Colleague: 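One structure follows; several queries about it will come next.
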Amino acid sequence: MTPKYKLPRGTFDILPDQSKKWQFIRDKFQQICERYAYFEIQTPIFEQADLFERSIGDTSDIIEKEMYKFKDKKGRIYALRPEGTAPVVRSVVANNLVQPQNPIKIHYMGPMFRYDRPQKGRYRQFHQYGIEFIGSDDPYIDAEVIALGDTFLKELGLKNYTLEINSIGCPDCSGDFEKALKEYYEPYKDSLCNDCQIRLDKNPKRLLDCKVQECKKISENVPSILDYLDDKCRIHYDSVKKYLKDLEIPFIINPRIVRGLDYYSQTAFEFVDTNLGAQSTLIGGGRYNGLMAQLGGKDYPGIGFAGGFERLLLSLEVEKISFGESPSPTAFFVFLGKKAKKEGIKLIQQLRRYGISCDFALQKESMKAQMKAADKCKAKFALILGDNELENNEIVVKDLALGSQQKIGLANIIDFFNKKKS
Ligand SMILES: [Zn+2]
Ligand SMILES: [Zn+2]
């Protein structure tokens, strides 16, 4: 049967048998964030389009091609958020969440939207998790943010990933680097892809990000940003590396990391999956010292990272990591006869109100079919209620793992489960 309605291209349903995996990642991320004392913020999925245009920079692919932009009925121009940092910083500014000596540590999760060409692990509605630390440019913070990412990946069970770090300098020193890049690329100009020809004039750092094979080849011997850092940026970079060593987080230096977005400065880093080929960045992050001021706030420095759920799921599957047990009901009721069912559903409601998870098979009537359903959903106990039991105010409780069974009074059933819990 062809379905009447199709999913929008580049989107997908997270079906019940998959959602355990998502829950696993969400729970783990939340736990680790709390352990590092980062707390959750939730922002709307759409914002004024201008917020992204101003922060991300209008030469980026996101702004030029990939943003879902729309006019509402009053003609206001909004965009579905293509990333999480700008909305978070917008909220931090609007709600005055940072004070001198009182930085803020937050994390977020949720769907993001980019009108990109869908491919494996890449969707138009995709899901990200991320953290932001706003209000300090102490290099320790850079290391702490990285440490949180590392702890998260480790505790998910991932082994085959590496941390790559770089410094992309600040507005004071990246000018010289850009000049050097322009000089380097100029002789190859005609061989670059169309996008890169434009980038060469507007934002030459973006050339390092290009995925086109020819451009990649040309970029092989580009000058290194690390040779152009001024004293301030070099000292910062060196102490980030020192802190990472203190925190026992192995890293390699990759001067090619530039990050696609305009607002980054100094520290840039990526956790890269070494199993997956292209599209292998699990987490990408860096400093964005100018962003607060750019969005109308005080000039507080910030740093953060973001990662995609979809990419992470691929890595977890490749490394065959268990997502834990599916939740199963404590009690599964088996009703023999209409009268038993009628009384039984009251009992079920009572148990559920007491925090005991239970279920039954509404459309199955024979004992055999109902017991089978109890096994299938991996319930711990089957509770069997027929006319006889009802008459005596009793119920048969069968421990499905042990196979043993006993009769208990209907009045004692909640007690019975409470004792099992403790
Ligand atoms: Zn600098
Ligand atoms: Zn290119």
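Positions are given from 1 along the sequence. Counting starts at 1 for both ligands and their atoms, in listed order. Everything numeric in this text was worked out from a predicted model, so none of it was measured.
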Colleague: When the aromatic ring centroids of Phe381 and Phe416 are compared, is their separation below 6.0 Å?
Modeller: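 For Phe381 and Phe416, the ring centres are under 6.0 Å apart.
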
Colleague: Should the pair Phe269 and Phe271 be assigned to parallel (<30°), tilted (30 to 60°) or perpendicular (>60°) ring geometry?
Modeller: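 Geometry flag for Phe271 against Phe269: perpendicular rings.
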
Colleague: Under 3.5 Å, is there a donor-acceptor pair linking the side chains of Ser219 and Tyr185?
Modeller: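 The answer is yes; a qualifying pair exists.
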
Colleague: Would you compute the distance between atom SG of Cys196 and atom CG of Asp201 and round it to the nearest 0.5 angstrom?
Modeller: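 Answer for the SG-CG pair, Cys196 versus Asp201, is 11.5 Å.
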
Colleague: Have a look at the Zn ion (ligand 1) and estimate, to 10 degrees, the angle subtended by SG (Cys170) and OD2 (Asp230).
Modeller: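 SG of Cys170 and OD2 of Asp230 make an angle of 90° at the Zn ion (ligand 1), to the nearest 10°.
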
Colleague: Using a cut-off of strictly less than 2.8 Å, determine whether Asp172 has an N/O/S atom near the Zn ion (ligand 1).
Modeller: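 Not a single backbone or side-chain N, O or S atom of Asp172 is under 2.8 Å from the Zn ion (ligand 1).
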
Colleague: Give a yes or no on whether Lys364 atom NZ has more than 12 heavy-atom contacts from other residues, nucleotides or ligands under 6.0 Å away.
Modeller: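 Atom NZ in Lys364 is not crowded, with 12 or fewer foreign heavy atoms closer than 6.0 Å.
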
Colleague: Give me the number of protein N, O or S atoms whose distance to the Zn ion (ligand 2) is under 2.8 Å.
Modeller: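 For the Zn ion (ligand 2), protein nitrogen, oxygen or sulfur atoms under 2.8 Å: 4.
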
Colleague: Checking side-chain hydrogen bond (donor to acceptor under 3.5 Å, both in side chains) against Tyr288, which of Gln294, Glu132, Gln266 comes through?
Modeller: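 Testing Tyr288 for a side-chain hydrogen bond (donor to acceptor under 3.5 Å, both in side chains) against Gln294, Glu132, Gln266 leaves exactly one candidate, Glu132.
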
Colleague: Students often mix this up, so state it plainly: with edges at 30° and 60°, are the rings of Tyr68 and Phe113 parallel, tilted or perpendicular?
Modeller: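 Judged by the thresholds at 30° and 60°, the geometry between Tyr68 and Phe113 is perpendicular.
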
